[in-house]
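Computed from a prediction, not measured in an experiment: that's the story for all the values here. Quick note on labels: first sequence line is chain A, next is B, and so on, each numbered from 1.
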Amino acid sequence: MRLDQLYQEIILDHYKHPHGRGLREPFDAEAHHVNPTCGDEITLRVKVADGTVDDVSYTGMGCSISQAAASVLYELVKEQKVARSLEITDAFTEVMTSRGDVEPDEDVLGDGIAFAGVAKYPARVKCALLAWMAFKDALARAGEPEKVEK
Amino acid sequence: MATFDVARIRADFPILSREVNGHPLVYLDSGNTSQKPRQVIDAIRTHYERHNGNVARSVHTLGTEATEAYEGARGKVGRFVGAPAEEIVFTKNSTEAINLVAHAFSVRATDERFRLGPGDEVVISEMEHHSNIVPWQLLCERTGATLKWFGLTDDGRLDLSAIDEVITERAKIVSIVHYSNIIGTINPVATIIARAREVGALVMLDGSQSVPHAPVDVTALGADFLAFTGHKMCGPTGIGVLWGRSALLNAMPPFLGGGSMIETVMLTGSTFMPPPARFEAGTPPIGEAIGLGAAVDYLTGVGMEAVQEHERRITAYTLDALATVPDVRIVGPRSLEDRAATISLVVEGVHPHDVGQILDAEGVEVRVGHHCARPVCVRFGVPATTRVSPYLYTTTDEIDALIRGLYTVRKVFA
């Protein structure tokens, strides 16, 4: 059944038991993103030290895809170098916007590979990307603009 | 009145025989846009195949036929709501109809009824579609007038307990939704109109969700303006309607400027046509208007009382069936009293996007989100809802499919 591709166990697990959820101090920058068509929202904070993403904290409301994507983001970018976290963001974005044509690399995306099925549902791609766009935005606000531009 | 036979109605709608994701289509999103009967599709095709020409300017045969069909549609739409043709203005949609009226108000309006400035008030409600909020917010920004609104009660009704404080002597226009697009409430517009009359304010009703589903007669309603849209009443997209009292339309300035709305154009200034032409600048949506005329013929043939009765049966069935599904909560009126067929629901612990996706996998098409009525979601503390909006072609079997789908939703997210 096609639905299984979308609602993989990994996604439902992250939705029911989100990792790193909640807004924490200290933080360098905060971004608030909404999906105007459906009302999904996320507020996301980043703490950067010595070029490393020390913490990503977030709160929000939305569908399982958007909330699980935030949980996976936390797992993947926390304690990564900023440049590396942006490479991961780009890899995730590429998979999501590929309409299912790009094979995700598990070494880079970890649990994020579960979202490959979402790429086949154009209406849901924005849900999966909400937290990731907020993360990129928060990094820019934290003064990592030249890296975000790439 | 002919007997209502839903199977016969369904046979008129070609799309209802298709499948979605391997299941028979169960279309429960008519509040978003309705499906179209063959009679409407055929009328549009016949226009383009046989009679296409521009309107109101051609001496040739095709132009004359197109003009007759376009103006004929205006007459049909007028009769459908009990109004003379000259009080029917064709617009793009309800949104444009509301904007048209909002733009008639200004600080420098020559007619006192449309003069609006600091100290004056515009009244709406918390139940409005964004299209009946934003034009008035913009108007208040332009003029310095104050926007006020009725709140909602816990059971999804307009809170009219302080009606005399909300609609005061300072009110110039009250614009209220007739049937809520998100929670299905039928509003007591007579009470609101009576209060507006006391203070001399004009009244606009958003009939986008009432005109398609019930007999509406503008004389009986007693408002000054009524907006509705073709695509929610078996007609095509791109055609909406503003009904307005002649005396008011005559007092209103043009909205968009251009061809068809002028009498004489000089480089030093222009004079304008009387309504409705004054408000229909440029080549209008001719095929769409003709399609709407056919839609009105179709609905009249079925009978709006019959449509209303059928939807009432479906609503009763749906409310009863939803009450049996654990963790499903209805947002808005839970009884049949003063409620239309549109039902918003929440499945506890599952976001509406996920509900909609799982239902779609079973061929059940509903709308999820805030339904362009975000203040209602905020009022009831939900980010979004799942909305079921039946129409004259909806069957109880389809409601059963919805209920089965809701059980699947609970299973996936158990």
Q.
Tell me the closest heavy-atom pair linking C127(A) and H353(B), and the distance in Å.
A. SG-ND1, 3.6 Å
Q: Can you check whether anything in residues 373-384 of chain B gets within less than 4.5 Å of chain A, heavy-atom wise, and list it by number?
A: R374(B), P383(B), A384(B)
Q: Calculate, to the nearest 0.5 Å, the distance between atoms CG and NE2 belonging to D40(A) and H370(B) respectively.
A: 9.5 Å
Q.
Quick check on the structure: residues of residues 13-21 of chain B within a heavy-atom distance below 4.5 Å of chain A, by number.
A. N21(B)
Q | Side-chain donor/acceptor of D354(B) to backbone N/O of S64(A), under 3.5 Å | A | yes
(Q) With a sphere of 6.0 Å drawn around CD of E348(B), does it hold more than 12 non-hydrogen atoms of other residues, nucleotides or ligands? (A) yes
Q: Please flag which part of E41(A) lies under 4.5 Å from any non-hydrogen atom of chain B: side chain, backbone, both or neither.
A: side chain
Q. Within a strict 4.5 Å, meaning less than it, do heavy atoms of the E362(B) and L3(A) side chains meet?
A. no
Q.
I'd like to check the side-chain contact (heavy atoms from CB on, under 4.5 Å) partners of T43(A); sequence neighbours left out, ordered by chain and number.
A. L23(A), E30(A), H32(A), T59(A)
Q | Heavy-atom check, side chain of Q357(B) versus side chain of L6(A), under 4.5 Å | A | yes
**Q.** Residues forming a side-chain contact (heavy atoms from CB on, under 4.5 Å) with S125(B), sequence neighbours excluded
**A.** M127(B), E128(B), F150(B), L158(B), I176(B)
Q.
For K78(A), I'd like to know if atom NZ has over 12 heavy atoms of other residues, nucleotides or ligands within 6.0 Å.
A. yes
Q: Could you pull out the closest heavy-atom pair between Y15(A) and V350(B), with the gap in Å?
A: OH-CA, 4.2 Å
Q. Has R99(A) got more than 12 heavy atoms of other residues, nucleotides or ligands less than 6.0 Å from its CZ?
A. no
